[in-house]
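On a predicted model such as this, the values are computed, not experimentally measured, just so you know. Proteins get letters first, then strands, A, B, ... in listed order; numbering begins at 1 in each.
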Amino acid sequence: MEFSAKQIAELIEGVVVGDPDATVNNVSKIEDGKPGTISFLSNPKYTKYIYETKASIVLVNKSFEPEHKVEATMIQVEDAYVAVAKLMQMYAESMPKKSGIEQPSYISESASIGEFPYVGAFAYLGDNVTIGDNVSIYPNAYIGDNVTIGDNTVVYAGVKIYQGCKIGSNCILHAGSVVGSDGFGFAPGEDGVFTKIPQLGNVVLEDDVEIGANTTVDRATMGSTIVHKGVKLDNLIQIAHNAEIGDNTVMAALTAIAGSAKVGKNCMFGGHTGVAGHLTVADEVKLSAYTAVSKNVTKKDVWLRGIPAQDAKVYARTFANFKQLPNLAAQVKELKEEIKKLKGE
Amino acid sequence: MEFSAKQIAELIEGVVVGDPDATVNNVSKIEDGKPGTISFLSNPKYTKYIYETKASIVLVNKSFEPEHKVEATMIQVEDAYVAVAKLMQMYAESMPKKSGIEQPSYISESASIGEFPYVGAFAYLGDNVTIGDNVSIYPNAYIGDNVTIGDNTVVYAGVKIYQGCKIGSNCILHAGSVVGSDGFGFAPGEDGVFTKIPQLGNVVLEDDVEIGANTTVDRATMGSTIVHKGVKLDNLIQIAHNAEIGDNTVMAALTAIAGSAKVGKNCMFGGHTGVAGHLTVADEVKLSAYTAVSKNVTKKDVWLRGIPAQDAKVYARTFANFKQLPNLAAQVKELKEEIKKLKGE
Amino acid sequence: MEFSAKQIAELIEGVVVGDPDATVNNVSKIEDGKPGTISFLSNPKYTKYIYETKASIVLVNKSFEPEHKVEATMIQVEDAYVAVAKLMQMYAESMPKKSGIEQPSYISESASIGEFPYVGAFAYLGDNVTIGDNVSIYPNAYIGDNVTIGDNTVVYAGVKIYQGCKIGSNCILHAGSVVGSDGFGFAPGEDGVFTKIPQLGNVVLEDDVEIGANTTVDRATMGSTIVHKGVKLDNLIQIAHNAEIGDNTVMAALTAIAGSAKVGKNCMFGGHTGVAGHLTVADEVKLSAYTAVSKNVTKKDVWLRGIPAQDAKVYARTFANFKQLPNLAAQVKELKEEIKKLKGE
């Protein structure tokens, strides 16, 4: 779809400076803007690019006053960043949405699907699966028996949801993610042989959860592994059995939450982080990348860092000393010499 | 399926205290027990919950003497934990097992399948594939040419097994796991361009192996990458080409074993651990989470920790000193002052 | 296929010592060579195995002079390692290549496929997909709308490529890898609720790129996430939105490159490494395993190590001191005692 500068200005209450008939059909970054795209200038560090950009339209803050000639048509708005986010949303919504049921797909006779579905070819819907309205199930996705999925949820290609799991509304599950695989539970026996403990629970993803590509969420031994409302998980994350992740917590890639750990609300975890089994982490806790939580974090809104985790500021100070260690060791050696001399040795 | 307290008591040689006709069809944890479920009390820390639980039946140790009224029907057994594990196993075995061959699936004419199979829709069995008895191949799984799979093995949805790999009996491969992808082998050439070294070997998973969701096991350059009997791998683990993992070793999520490394028997590796290429790790070695093995571990039954790995106790002591570094640096500064004074400077 | 020693010697310009009619149909490592296989001796550390190996043929350097009887037929060549690599390549090329279009597969009417394709059963090719010549798309792979794939590229089973991504020629995408999933972009709102920022860009994989099993490459917010020519990524790697990886850079498993980071050419990253968002890493930079790059690396050809990254040599020295910390602390304590004595306290 194409939009003119005039149309866009109306959508976001902006003022056109230049050609109101300039048209665009995509967005771009100002530093590599292409003809037929709209870009934006918000961060002053990027100002120089507005004089060179090939983008057809650039959103700018009202306050921006060019010092040279700008080839692109500009649209002046209150806040260019907010305006572009709004436009991106509109653009995303304008894109054609897949719909209908492609063949061949496998839909159990006992499965129930709401209105306006998309079911891609080679998607599998098992017995007693219940799917809400406006749900998209992309090709090669697997929905096991007795799974329920709420309205407006998108299940991308090759997602695997084991039997009995419950997925909320407005969720997004990215390609290759796995929900409901067995928890890692084994009873050690004689001679080191392990016996599998059946994993009889399930996974509950509440509403507005986003699960990254190839991320895995294991089913509970009993009861449920719970990912609460609004949680956003990046790619390649492991959530173990019986873990619980609080509302609106976000985690970056390659993080692992071990069995029965309970993470609070509104936490922010960097990449490569970990929480050991059975621990509790309070609300609003921040973890720097490569932080390993090895005991309960009972105080909310703290920032932790290190393996094992410490207060981030304390860690930074200690680490500064760590870097000075060769120097410190040399000083101690010198002091020993001095004392020898003082003692007349 | 429903079971009565009386039936269960018979199965596990217990004594009913309460209503022998109380029925259950699921298990639950005592702290969030629901009507129609059976729970258990083993850890005394949880004793308070038995007076509140909504579970219909609770397994208790013979020795347990309630101090208040217990609403639930109790079944007294020798050891409630062992009894519940036994019951979970029975319950798991009582659940309906998928069977038959769903359509459409792709089974090469030269493939051979044993008795009592389950082959899900969109599963792919290539040329000369040989499958034992009682094997389940879930939907969207891919079994490449010349793969063999032993009896009773379960291959969950979307598993990919490359050509020529050998999977033992009683194995479980969780959704999205990949077995037999090319090892990461490249010969550096002029100007930094890499030439691929063909990976002509395969992967052998011996009997009783469990592979976690989205875990990857690469094929050998020549010969086999071998995962020995009874090994249990958690989710998102990487086993590189020509590696070998000894009997009954268990590894937690996000661990990587590099090329040609040989890990011993009965080892236990925490999450985020790693073993560098071509190293040997002895039997019964334990690694704390985030431990990086960077040289051979020749002594068995040691516990290692740190990046790079050290003896865990030594590491703990050193780390305690690390935390005191700012303090130590301050002391050295003070000593310098003292010596200056002593020298009359 | 079987080859005789005589045939092989002709292919690689070698001289047969032993039975020219000895035949092989596979390769093996000398230490576990089996009858009917060819092996090689290059590293002198392995010399002892040539007297015991069951391999039918062994490639040896011209310069090798046996001290005992060698049962196997030997083929003398200038450089046994180079010769075996050449043979492996020939062997790999001699293996039957899948071809044709298996049914059922889903190929949109608007998709275009070049000459000599392989499209496996349950593969999905969306609208306007454009595939070059000699391309293999294995079973259960998903190619979203408007994706382009260059000549000779291999897309293994269960790969998922989201709409609009561009894959070059001579690429290999291993099973379960995901290309083009949404970048992890959210705008924090009031009460900690996150709003998704639409990810409108795509992923570009240039020519000769290899992507490991279950590795994920996210699409850009705007513009493209770019993996340049000749890059080799191991399994379970995360490349975030708008990242850029320079020519011929190689990365080992479980590495994460955060959003908008730009990694240079010819870099070598160990496993479990990471680069934080928006950073730039110069060309030819080496990272030891478990290294976390937390600021720009502007100097090329440096070797970094540690969390956070430091010069590897400096790190090694500092770490040596770290290991001596308990000792250093003891020395400081002693010095304090000495000074007390000197002061007559």
Side-chain angles (χ1 to χ4, degrees), chain B residues 104 106 122 124 126 140-142 144 158 160 162 176-178 180-182 184 186-187 191-198 200-201 214-216 218 221-223 236-238 240 242 254 256 258 272 274 276 290 292 294 307-308 310 314 317-318 320-322 324-325 328 331-332 335 338-339 342, chain C residues 26-29 32 37 39 85 88-89 91-93 98 102-104 120-122 138-140 156-158 172 174-176 208 210 212-214 230 232 234-236 247-248 250 252-254 265-266 270-272 284 289-290 306-307 319 322-323 325-326 328-329 332-333 335-336 339 342-343:
Chain B
Y106 181 101
F122 318 126
Y124 182 100
N140 304 95
Y142 165 80
K160 276 80 68 177
Y162 282 57
S177 57
V178 175
S181 38
D182 281 353
F184 195 62
F186 301 92
D191 302 332
V193 174
F194 287 90
T195 303
K196 183 175 178 68
I197 297 173
L200 302 175
N214 286 346
T215 279
T216 60
D218 277 352
T221 309
M222 303 179 205
L236 296 170
I237 285 175
Q238 152 73 350
N242 288 96
L254 294 166
H272 290 284
Y290 291 93
S294 58
I307 305 171
Q310 297 174 256
V314 171
R317 201 157 53 231
T318 312
N321 283 110
F322 169 75
Q324 290 303 317
L325 258 181
L328 189 69
Q331 285 180 49
V332 170
L335 289 178
E338 298 268 19
I339 286 174
L342 282 169
Chain C
N26 206 337
V27 291
S28 66
K29 290 185 288 182
D32 45 38
T37 67
S39 193
M88 286 172 75
Q89 197 60 52
Y91 180 83
E93 282 163 11
K98 292 276 186 185
E102 295 173 353
Q103 294 303 340
F122 318 126
Y138 275 72
N140 303 95
Y156 277 108
I172 300 175
H174 277 288
D208 305 318
E210 185 158 342
N214 285 345
K232 313 294 181 189
D234 198 358
N235 299 349
L236 297 169
D247 292 6
N248 303 315
V250 294
L254 294 166
K265 300 176 186 183
N266 304 103
H272 289 285
E284 295 169 43
Y290 291 93
I307 305 172
F319 194 80
F322 169 75
K323 287 172 75 172
L325 258 181
L328 189 70
V332 170
K333 204 174 163 192
L335 290 178
K336 281 170 89 165
I339 286 172
L342 284 169
K343 286 163 72 182

With a 4.5 angstrom heavy-atom cut-off, could you sort out which part of [X] is near chain B: side chain, backbone, both or neither?
X	value
C:Pro326	both
C:His272	side chain
C:Phe322	both
C:Ala213	both

Given a strict heavy-atom distance threshold of 4.5 Å, which part of [X] is in contact with chain C: side chain, backbone, both, or neither?
X	answer
B:Gln238	both
B:Ala258	neither
B:Leu342	side chain
B:Thr215	backbone
B:Leu254	both
B:Asp191	backbone

Might you point out which heavy atoms bring [X] and [Y] nearest each other, and give the distance in Å?
X	Y	value
C:Asn266	B:Gly192	ND2-CA, 3.4 Å
C:Asn214	B:Gly176	ND2-O, 3.1 Å
C:Lys232	B:Phe184	O-CZ, 3.3 Å

Discussion item. Quick one about B:Gln310 and C:Lys323 (side-chain donor to acceptor, distance below 3.5 Å, no hydrogens or angles considered), yes or no?
Written reply: no

Test side chain to side chain contact (heavy atoms under 4.5 Å, CB included) on C:Thr37 and B:Met222; report intermediate values, then the result. CA-CA 10 Å; C:Thr37 67; B:Met222 303 179 205; over 6 Å; no

When rounded to the nearest 0.5 angstrom, what distance separates [atom1] in [X] from [atom2] in [Y]?
X	Y	atom1	atom2	value
B:Asp182	C:His174	CG	NE2	4.0 Å
B:Phe194	C:Glu210	CZ	CD	12.0 Å
C:Ile307	B:Ile307	CD1	CD1	4.0 Å
C:Asn26	B:Leu200	CG	CG	7.0 Å

Looking at chain B, which one of [options] has the largest number of heavy-atom pairs inside 4.5 Å, strictly under?
options	result
C:Ala253, C:Ala92, C:Pro139, C:Gly230	C:Pro139
C:Gln89, C:Glu102, C:Glu284, C:Lys29	C:Glu102
C:Val27, C:Leu335, C:Asp234, C:Val250	C:Asp234

So, [X] side chain and [Y] main chain: donor-acceptor pair closer than 3.5 Å or not?
X	Y	result
C:Asn140	B:Phe122	yes
B:Tyr162	C:Ala175	yes
C:Tyr290	B:Gly274	yes

- request: I would like to know whether B:Gln324 and C:Leu325 meet side chain to side chain contact (heavy atoms under 4.5 Å, CB included); could you show each step before the answer?
  value: CA-CA 10 Å; B:Gln324 290 303 317; C:Leu325 258 181; over 6 Å; no

The side chain to side chain contact (heavy atoms under 4.5 Å, CB included) partner of C:Leu236 among B:Ile237, B:Leu236, B:Val178 is B:Leu236

| query | Does the pair C:Tyr138 and B:Lys160 meet the rule for a side chain to side chain contact (heavy atoms under 4.5 Å, CB included), with working shown? | reply | CA-CA 11 Å; C:Tyr138 275 72; B:Lys160 276 80 68 177; over 6 Å; no

>> Counting neighbours of NZ on B:Lys196 that are heavy atoms of other residues, nucleotides or ligands and sit closer than 6.0 Å, is the number greater than 12?
In response: yes

